[in-house]
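First comes the structure, then the notes that go with it.
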There are 2 protein chains.
Amino acid sequence: MEDYLEAIAKLGEGRRVVKVKQISQMLGVKMPSVTSALKKLSEQELVEHERYGHIKLTPEGDEVARDVIYRHEALARFFAQALGINQATAEEDACKIEHVISPLSMERLAKFVEFIEACPLGGANFPSRYEYYLEHGELPQDCSTRGLKKRK
Amino acid sequence: MEDYLEAIAKLGEGRRVVKVKQISQMLGVKMPSVTSALKKLSEQELVEHERYGHIKLTPEGDEVARDVIYRHEALARFFAQALGINQATAEEDACKIEHVISPLSMERLAKFVEFIEACPLGGANFPSRYEYYLEHGELPQDCSTRGLKKRK
DNA sequence: CAGAATTGTTAGACATGACTAACAATCGTA
DNA sequence: TACGATTGTTAGTCATGTCTAACAATTCTG
């Protein structure tokens, strides 16, 4: 179900009208699956949907969707940037894992990605620097300015 | 189903007799679920099982189980050691993710764990060293001996 | 070694989430 | 505006994998 919320949020960006068919294509399922998902999500007050009519996230649905998208993006970046996986595979894996990973691991993973993105050289002593970053929420001083940009 | 193979492999280590009840407890399901899983796995020739009798992996089942266990352990180590997650949560997450992650990401993740375990200080320039490790399958020379052991 | 306790199995129900086929509404265009 | 094409819905089926209740086999123990 989270996938449906995610798809609706993405398709609805910028006030665009969301169609059943688009959702079905984005998720690789048939239209009846979408209809029945919308029914369930309506019952849970996460989506507004009327027969043959508009499809829209409720505020609660939007909140859930943003959270899923956040998890998705952090995971995709981890696979793509930290592990060097191709974008397509990174997306697929993110899409699977976003639904099963624990909040704690998710949070740590997100921070890890932030770290390696902010500190591309890693510097000397990677794990302890990572610890530092985890504890203090910011990079050790000798890290942030010595990036990839060869600022000589 | 992979969880069942994994459980049977672990419970059967050292020629120990495997019981339905043990499996059910290890996986947190009721016994009938185990019985029906065993039936399916027997049909797939992954498990030998006769009514009220012994439970044993076939060679093919054992192979699958080892692969699952390998994935599980690499993931658990990643969460525990790289991300600093507690053991229990690391195990739970590993158990979920091991079934959905792509082979490519799994392989990279395993290598990543090997890398950070073998090269705990990370050295200067973590990502490029990681690239090097990926490409050559061995650590850059200036890495391996400068570990945690403070060998002064 | 017989009955009680435990372990294992069967049968059948239920939840999820997908599908196909058939029908209904809406849209686009002549 | 009406009719054909497209989109959406309903009804019903199927596959997974779980559960409970009832029954069967095995094991323990007096």
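Note on naming: letters A, B, ... go to the chains in the order of the sequence lines (proteins, then strands), and numbering restarts at 1 for each one.
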inquiry  = What is the distance, to the nearest angstrom, from the CG atom on B:L41 to the C1' atom on D:dG17?
reply    = 12 Å
inquiry  = Taking any heavy-atom pair under 4.0 Å as a contact, classify A:S36: base, sugar-phosphate, or nothing.
reply    = nothing
query = Rounded to whole angstrom units, what separation is found between the NZ atom of B:K21 and the C1' atom of D:dC28?
reply = 14 Å
task = Kindly determine whether A:E6 and A:K10 satisfy salt bridge (charged side-chain N to carboxylate O under 4.0 Å, His left out), including the steps that lead there.
result = CA-CA 6 Å; A:E6 194 178 354; A:K10 283 185 180 161; 3.5 Å; yes
key: Length of the line joining B:K30:NZ and C:dT7:P, which is rounded to integer Å   = 14 Å
message = Just the rounded figure in Å: distance from C1' of D:dT18 to CD1 of B:I23.
response = 16 Å
request  = Whole angstrom is fine here: how far is it from NE2 in A:H99 over to C1' in C:dG17?
outcome  = 13 Å
key: Shortest non-hydrogen contact from B:L5 toward B:A65   = O-CB, 3.7 Å
key: Whole-Å gap separating P (C:dA24) and CZ (A:R51)   = 10 Å
request  = Select one nucleotide: of D:dC19, C:dC19, C:dT16, the one nearest the side-chain heavy atoms of A:V29.
outcome  = C:dC19
inquiry  = Check A:E107 with A:K111, please: is the shortest side-chain N to carboxylate O separation under 4.0 Å?
reply    = yes
query = Can A:R71 and A:E2 be said to form a salt bridge (charged side-chain N to carboxylate O under 4.0 Å, His left out), step by step?
reply = CA-CA 11 Å; A:R71 300 205 298 272; A:E2 285 184 339; 3.1 Å; yes
request  = Give a yes or no on whether a salt bridge exists between B:K39 and B:E43, defined as a side-chain N under 4.0 angstrom from a carboxylate O.
outcome  = no
task = From the options C:dA18, D:dT18, D:dT9, select the nucleotide whose nearest atom is closest to the side chain of B:Y4.
result = D:dT18
query = According to a strict under-4.0 Å criterion, is B:S33 in side-chain N/O contact with OP1 or OP2 of D:dC19?
reply = yes
request  = On DNA chain C, check which nucleotide each of A:A37 and B:Q22 is closest to and give me the residue with the more 5' one.
outcome  = B:Q22
request  = Write down the distance between CG (B:L27) and P (D:dG17), rounded to a whole number of angstrom.
outcome  = 13 Å
ask   = Nearest to the side chain of B:K40 - D:dT9, D:dT16, C:dG8?
value = D:dT16
key: Whichever of B:L38 and A:Y52 has its nearest DNA chain C nucleotide further upstream toward 5'   = B:L38
query = Is B:H49 near enough to C:dT9 that one of its side-chain N or O atoms lies under 4.0 angstrom from OP1 or OP2?
reply = yes
task = Would you mind telling me which of C:dG8, D:dT20, D:dG8 lies closest to the side-chain atoms of B:P32?
result = D:dT20
task = Take atom CD of B:Q25 and atom P of C:dT7, then tell me their distance rounded to the nearest Å.
result = 8 Å
